[in-house]
Amino acid sequence: MYSILIELLRSGFTINSSLRRRTHLVQSFSVCFLYWFYDFS
């Protein structure tokens, strides 16, 4: 039971870190797109 809880926490942490990385990537991409949009117009 204890090892299952640890495994669940570990998998949840990896999912959370990957989600955070993805949102950071999307944020930087949108910033680049805004810079390009302002430069184009």
Side-chain angles (χ1 to χ4, degrees):
M1 184 66 189
Y2 191 65
S3 55
I4 291 173
L5 192 71
I6 287 176
E7 203 68 35
L8 197 74
L9 278 169
R10 191 182 296 150
S11 60
F13 183 73
T14 49
I15 289 168
N16 195 22
S17 61
S18 65
L19 273 174
R20 196 176 296 135
R21 197 176 298 123
R22 192 171 295 136
T23 48
H24 184 71
L25 191 75
V26 166
Q27 205 172 22
S28 57
F29 180 73
S30 59
V31 165
C32 284
F33 181 74
L34 275 172
Y35 270 125
W36 177 81
F37 187 74
Y38 278 124
D39 198 51
F40 193 74
S41 58

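By convention here, the first residue in the shown sequence is residue 1.
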Margin query: Under the salt bridge (charged side-chain N to carboxylate O under 4.0 Å, His left out) definition, can you give me all pairs with a residue in residues 17-38, not counting sequence neighbours?
Written below: none
Check: Does any pair with a residue in residues 32-41 pass salt bridge (charged side-chain N to carboxylate O under 4.0 Å, His left out), and if so which ones, sequence neighbours excluded?
Finding: none
Check: Among all residues two or more places apart in sequence or in another chain, which pass the side chain to side chain contact (heavy atoms under 4.5 Å, CB included) test with Leu9?
Finding: none
Note to self: Checking Arg10 now: which residues fulfil side chain to side chain contact (heavy atoms under 4.5 Å, CB included) with it, not counting sequence neighbours?
What the structure shows: Ile6, Glu7
Checklist line | For Phe29, the rest of its hydrophobic cluster, which grows through side-chain links under 4.5 angstrom | finding: none
Margin query: Could you work out, with ring-ring contact (aromatic ring centres under 6.0 Å, His included) as the rule, every residue matching Phe40, not counting sequence neighbours?
Written below: Trp36
